[in-house]
Amino acid sequence: MKRILPASLFVLLAALPALSRDEAITPCPPLPTVHQVAWQQMETYAFVHFGLNTFTDQEWGYGDVSPEVFNPTALDCEQWARTFVEAGMKGVILTAKHHDGFCLWPTKYTDYSIRGTPYLDGKGDIVGQLAEACRKYGLKLGLYLSPWDRHQAFYGTPLYPEYYVLQMEELLTQYGELFEVWLDGANGGNGWYGGAKEERKIDRRTYYNYPRIFSLVQRKQPQAIIFSDGGPGCRWVGNENGFAGATNWAFLHSDKVYPGYDRSRELTSGHAEGDAWVPSECDVSIRPGWFYHRQEDDKVKTVDQLVDIYYRSVGHNGTMLLNFPVDRTGRIHPTDSLRAVAFHKRIQQELGQNLLYDKKKPETDGNFDTYVVLRTGESLELRLPRKTTLNRLLLQEYIPLGQRAKIFSAEYFDGTAWQTIDAGEETTTIGYKRILRFPAVRTRRLRLNVLDSRAPVLLSEAAAYYAPEAKKE
Ligand code: FUL
């Protein structure tokens, strides 16, 4: 075991030819970009599904609904932004266009947009309004542009990918900085298609010319993370419940997964031997549906459910993308916003104070950039100032140099012997963040054992907490 302080200094020293590079800090590929690390550190951010479906009570509009139905009476993007900030979220991704093809911004390329609605006499721009609210409240903005379009007559022909790339360019150039671009995997099938009302099949791998889309995003918004089933920036986690696997690699085999990939179960844990850094994003809606339905007003997820999702997304080396179905007034329903804020308060209570905090030790100083090096077979003892009751253990690897831990165990000393902490799930990967929940133990000593790893583990943070028993709602 070796203590390293601080990581950035060592990287600098390692670059000097006179000094031999420390074996432990040799990067272990695949590696994230600086943008992927910054994205992962956001941890939780919001999703908004809003559009014609909101007014027709649908989840997947067919593409035939008149924009006239879209008329929110009290639309307020600042109310959304305030809710997200109070819920501890760092950004928001909006469905600029869902599968029905309706556009929430005044695109030049179709009339099937906000311009055709009674809202502000067709002069509105909801992407623009949200971008402004985000700037005001310090949130990052991301946009969802559905590849599948059930409205356009030319969907399925060579023209549509040209239309799609032009729309993408509008979104990438008119609304300031974007942190994420969301490319949904659902596509091809029946739709209105300009009145043809038929089934259209496309080749999900080749039809949209994704390499061109990716390089456009890269050119116009180099910091934006591209989401799809297979990345390249981040990947779908393989379910819409918000859960990543306890074993969760930030890697994929780059040539294998593409938008619309149907072996989704692989995405829950990633590919242990993958060659590309494509971390998981866990998307889930605060209600059963993605769009607003009044009959779901009493089906908003409870604080307990949201907290569980947090531990199984952020606590499983993923990010948590929580969807808010904006209602017909154009606001987030009060039940949803109160729940989200209460969820954040609970997480702050549970993970508020690191009982191991010691500013002299790189693994407990609260600084992500300092770490301790642990080789396979090595252990790290973590001492508490006094006998303390604990039921959470949080671990972080210094991922800029790779994800390394393959199997670990955590133990506590009961006064006589070391006992294994039983988190009720496998203790395999750590990654950017791993949080174990376990029945309370009372101890002065904890121990982390690295049982197998791809390279020495760079343990950036270890934190222990006592989360008070949650009251049932
Ligand atoms: C899915 C879509 O089909 C849903 O409507 C929703 O947008 C969800 C986030 O992704 O693939």
Side-chain angles (χ1 to χ4, degrees), residues 44-63 65 89 91-104 126-127 130 141-151 155 164 167-168 171 179-192 199-202 204-205 207-208 210 225-231 233-244 257-268 280-293 296 299 301 309 313 318-327 332 336:
T44 62
Y45 40 92
F47 215 175
V48 169
H49 278 65
F50 186 49
L52 297 181
N53 293 341
T54 311
F55 296 86
T56 56
D57 229 346
Q58 283 176 300
E59 279 291 307
W60 275 15
Y62 191 61
V65 169
M89 312 220 146
V92 50
I93 300 175
L94 172 67
T95 50
K97 179 181 93 165
H98 200 253
H99 310 327
D100 64 1
F102 173 76
C103 301
L104 286 175
I126 294 173
V127 177
L130 182 59
L141 178 68
L143 295 172
Y144 173 127
L145 184 70
S146 169
W148 186 21
D149 189 316
R150 304 174 90 188
H151 176 78
Y155 180 82
Y164 186 68
Q167 290 203 319
M168 183 63 87
L171 294 179
F179 82 95
E180 187 165 329
V181 171
W182 225 84
L183 305 178
D184 190 87
N187 62 71
N190 63 355
W192 185 69
E199 172 105 10
R200 291 192 184 167
K201 287 216 168 72
I202 48 91
R204 296 171 178 200
R205 235 179 227 270
Y207 179 59
Y208 301 101
Y210 282 122
I225 298 302
I226 301 175
F227 165 95
S228 84
D229 293 346
C234 70
R235 70 173 197 266
W236 185 43
V237 75
N239 64 71
E240 292 182 338
N241 306 319
F243 301 154
V257 189
Y258 51 89
Y261 188 65
D262 42 22
R263 290 170 61 187
S264 54
R265 282 186 53 198
E266 287 172 22
L267 304 180
T268 308
S280 54
E281 176 182 85
C282 307
D283 61 328
V284 61
S285 187
I286 198 163
R287 291 168 175 242
W290 294 99
F291 283 91
Y292 179 80
H293 309 290
E296 293 181 354
K299 296 195 174 60
K301 291 199 170 50
I309 289 170
S313 55
T319 58
M320 175 174 168
L321 173 56
L322 181 63
N323 180 65
F324 294 81
V326 163
D327 70 16
I332 295 173
D336 307 36

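Start at 1 and go down the list; that is how both ligands and their atoms are numbered.
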Between ligand 1 and Tyr144, is the shortest N or O to N or O distance under 3.5 Å?
yes

heavy-atom search around atom 3 (O) of ligand 1 in the protein gives His99 NE2, 2.8 Å

Note: ligand 1 atoms sitting under 4.0 Å from heavy atoms of Glu240 are 1 (C), 8 (C), 10 (O), 11 (O)

### Query
Between Arg235 and Asp229, is there a side-chain N and carboxylate O pair less than 4.0 Å apart?
no

Item checked: Validation row, ring centre Trp182 to ring centre Phe47 under 6.0 Å -> yes

Correct closest heavy-atom pair for Ala96 and Val127 would be CB-CG2, 4.0 Å

Is the closest N or O pair between Trp182 and ligand 1 shorter than 3.5 Å?
-> no

* Asked: Is His49 close to ligand 1, meaning an N/O of one under 3.5 Å from an N/O of the other?
  -> yes

Among non-hydrogen protein atoms, atom 11 (O) of ligand 1 lies closest to Asp184 OD1, 2.8 Å

So Glu266 and Tyr261, side-chain hydrogen bond (donor to acceptor under 3.5 Å, both in side chains) or not? Walk me through it.
CA-CA 10 Å; Glu266 287 172 22; Tyr261 188 65; 2.9 Å; yes

| Is there a heavy atom of Phe291 sitting under 4.0 angstrom from any atom of ligand 1? | no

### Message
Would Trp290 count as a polar contact of ligand 1, with the cut-off being nitrogen or oxygen pairs under 3.5 Å?
### Response
no

Ligand 1 to His98, heavy atom cutoff 4.0 Å, flagged ligand atoms 4 (C), 5 (O), 6 (C), 7 (O)

Discussion item. Please confirm whether the ring centroid of Phe324 lies under 6.0 Å from the ring centroid of Phe50.
Written reply: no

Which of Asp149, Leu171, Leu143 passes side chain to side chain contact (heavy atoms under 4.5 Å, CB included) with Lys97? It is Asp149

Phe47 heavy atoms within 4.0 Å reach ligand 1 at atoms 9 (C)

What do you reckon, are the aromatic ring centroids of His98 and Phe291 less than 6.0 Å apart? yes

